[in-house]
Protein chains: 2
Amino acid sequence: MKQRLAAIGTVETLPHRVAAFLSREIESGELNPGARLPTEQELSEKFGVSRNVVREAIAQLRADGMIEARQGIGAFVLAPEQRAAIRIDREALKDTHNMERLFELRCILEAESAALAAARRNQGHLDSIKAALDRMGGEERWEEGSIDADLLFHREIARATGNSYIHTFISFVCEQIRHSIHYARMTNPLHDLVEINVGEHVRIYDALVAGDPAAAEAAMRAHIVGAANRVGVKLPLSKAGGAK
Amino acid sequence: MKQRLAAIGTVETLPHRVAAFLSREIESGELNPGARLPTEQELSEKFGVSRNVVREAIAQLRADGMIEARQGIGAFVLAPEQRAAIRIDREALKDTHNMERLFELRCILEAESAALAAARRNQGHLDSIKAALDRMGGEERWEEGSIDADLLFHREIARATGNSYIHTFISFVCEQIRHSIHYARMTNPLHDLVEINVGEHVRIYDALVAGDPAAAEAAMRAHIVGAANRVGVKLPLSKAGGAK
DNA sequence: GTGATACATATCATCCTACAACTTGCGTCG
DNA sequence: CGACGCAAGTTGTAGGATGATATGTATCAC
C-alpha cells in the first residue's frame, strides 16, 4: 500500500519530464518519423539540465522504440509501427472519453478470452478464480480490497486461457482502467462507491465451471458493459445490445 | 529500410544489456516483487560498468513500472500488475509456440474490431483501406512491400474503429508477428514465400463497404486463421471451426 | 529510563568533466 | 582525379562531486 501511494503521487523526476516532453512532441507530429532530434548538448541547454538527464530520457524513448540513436550521428524518430512497447499516457486516462475507449478494448479482449478459458480451464484455474470470487463478496468489505479481488478475478480468468500474452494484455488494460477510475473519482466524488456486482461475476464463474464458452462470453460481455455503466460510461458496442 | 536493417542488427548497448539482465532476473523470479535491488554502486562493480550506465538501465526498468526507485533507500521490484508498459521479449518471438499465442491474440482483437469498423467506418477510412488493398495485389510484387501493405491494411481497419487504443494494440501485435515470422524464416527457409491471399482481404473489404459487422467479423476471423495456417501455425480457436 | 534532538551513514538524483568510439566532410597529397 | 588522412561533431562510457532524502544511532535533557 505504501508502494501504491508512492506510485500514484510519483515525484516527477527530471529525466521523466524530458522524456514526456519529447514523447509528446513526437506524438503530436512536430517531430516526424525520420527526423533528427537535437543533440544531447542542445537538449541539455534547452531544458536547463545536465546531459546525463537527457541521456536517461533518451534511453527510455529508445527502449520503447520511439527513437533510435546512432553513435556519431544523432538520434532519429522511428515510425509508430516500430514501437517495441505499448505505453499509455497517464494524463490521457483522465479523459472520460479515453476511459470509454479502454472499456471497449477490454470488452473485446475479455469476452472472447472468457470463451477460451471456458474451453481450456483446469481445476487449478477454477480454484484460483473461485478464491478471488470469495474475496470479493466475502467478509472484507474494505473497498480497495474488493477492487483488488475484482481485478484478480479477471486476471485469473485470463490466465486460464493458457495464453500468456492474453494474460499480459488483459492485466494491463484492467490496470489502466483502475487508474482511470481512480482519477475520475478524485475530480468527481459522486461515484464515491464503485459497487461491485457479485451476481455478474458468479454467472461468469458458473459458465466457466460448466465449460460453456458461449455462456462465458455472453456473461463476461454483460458484466463489462454493466461495470462500465456503473462508472458512468455507456458502451456503444455493436454486439452488446443487438447481437443474439 | 536503412532503419529496418539497423533496428534488426542493433548493437547491444551497455545499458541495454544491464537492463536485460535485471529484467530477466525479475521475470524468472530470482527477484520477487518487493525485493530490493543491489545499490547502483554494487551493480556498477558487478557488471564492470560505470554507475552512469547502471542508472540508464534502471531508468528503463523504472519507466516500464518494473521497479521503483526511492531516493535515500534503494530500488524495489514492483508487482507485475503495476507495469506501465507492455513489452515483448524479442527472443521469445523465436519460439513457434509463442507465435501461435500471438496469432490467437490477434484473432481475438481483430475479428471483433472488424465488426466495429464495419459499423463506424466513413468514406475516408474506406479509401485508405482500399489503397492498401491495391498496393497488395498491385504491380509491386516485391515481397517486403506486400507485407508492408498487408500490415497497413490491418492497421487502417483498426483505425476505422475510431478507437485509438484498439489501433495501438492491433498495430503492436501485428508488428510482433511480423518479427516472429521474420525469425522463423531465417531458421527454416521453407516458408521462403509467405503468400498473401488477396481474396480473403477483398472479402473483408467488401463487408466493410457493405457496413455488415457480422460478415466483417467472420471474414476477418477466416483470414487470420488462414494466415496462421500459411506460416505453419494452426489455431485451436474455439470459434474458428465450431461456431455458428 | 525515556524521549527528543542532532549527527552520521547510506542511497538515489543531478551535475560536471573527460575521454573513447564512430561518422561525416573536407582538405591534402600522390 | 582519386585515395588517404585528418579534424570536427555526436553519441557512448567512465569517474567523481555535490545535493536531497531516509534510516539508524548516539547524545543529551528531563
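Chain letters run A, B, ... following the sequence lines, proteins first, then strands; residues in each count from 1.
- Panel note: side chain B/T161, backbone B/I157; no donor-acceptor pair is recorded below 3.5 Å.
- At distances below 3.5 Å, at least one donor-acceptor pair connects side-chain atoms of A/T168 with backbone N or O atoms of A/S164.
- In this structure, CZ of A/R36 is placed 10 Å from C1' of D/dT11, rounded to the nearest angstrom.
- Taken to the nearest 0.5 Å, the CG atom of B/N163 stands 8.0 Å off from the NE2 atom of A/H97.
- In this structure, the separation between CG on A/L61 and CD1 on A/I26 is 6.0 Å, given to the nearest 0.5 Å.
- How far NE2 of A/H167 is from CZ of A/R155: 6.0 Å, rounded to the nearest 0.5 Å.
- One finds no side-chain N or O of A/R70 lying less than 4.0 angstrom from the OP1 or OP2 phosphate oxygen of D/dG9.
- Atom CZ in A/F76 sits roughly 9 Å away from atom P in C/dT24 (whole-Å rounding).
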Contacts under 3.5 Å, N or O only, protein and nucleotides 19-22 of chain D:
{"unit_1": "D/dG19", "atom_1": "N2", "unit_2": "B/Q71", "atom_2": "NE2", "d": "3.3"}
{"unit_1": "D/dA20", "atom_1": "O4'", "unit_2": "B/Q71", "atom_2": "NE2", "d": "3.4"}
{"unit_1": "D/dA20", "atom_1": "N3", "unit_2": "B/Q71", "atom_2": "NE2", "d": "3.0"}

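- If you check the side chains of B/R55 and B/N52, you find no donor sitting under 3.5 Å from an acceptor.
- Under a 3.5 Å cut-off, the side chain of B/T39 and the backbone N or O of B/E42 do form a donor-acceptor pair.
- One finds a side-chain N or O of B/R62 lying less than 4.0 angstrom from the OP1 or OP2 phosphate oxygen of C/dA13.
- Proximity of A/T13 to the phosphate of C/dC12: no side-chain N or O atom is located under 4.0 Å from OP1 or OP2.
- Nearest-nucleotide positions on DNA chain C place B/T39 closer to the 5' end than the other of B/T39 and A/P15.
- In this structure, A/A92 and B/Y165 approach most closely via the heavy-atom pair CB-OH, 4.2 Å.
- For DNA chain D, the residues of residues 41-50 of chain B within the heavy-atom distance limit of 4.0 Å (strictly under) are B/G48, B/V49, B/S50, sorted by number.
- The stretch residues 51-59 of chain B touches DNA chain C through B/R51, B/R55, each having a heavy atom within less than 4.0 Å of the strand.
- Between the side chain of B/S44 and the backbone N or O of B/Q41, at least one donor-acceptor pair lies under 3.5 Å.
- In this structure, OG in A/S171 is found 12.0 Å from CD in B/Q82, a value given to the nearest 0.5 Å.
- Note: CZ (A/R17) to C1' (C/dT14) measures 13 Å, nearest angstrom.
- At least one side-chain heavy atom of B/D64 sits less than 4.5 Å from a side-chain heavy atom of A/R87.
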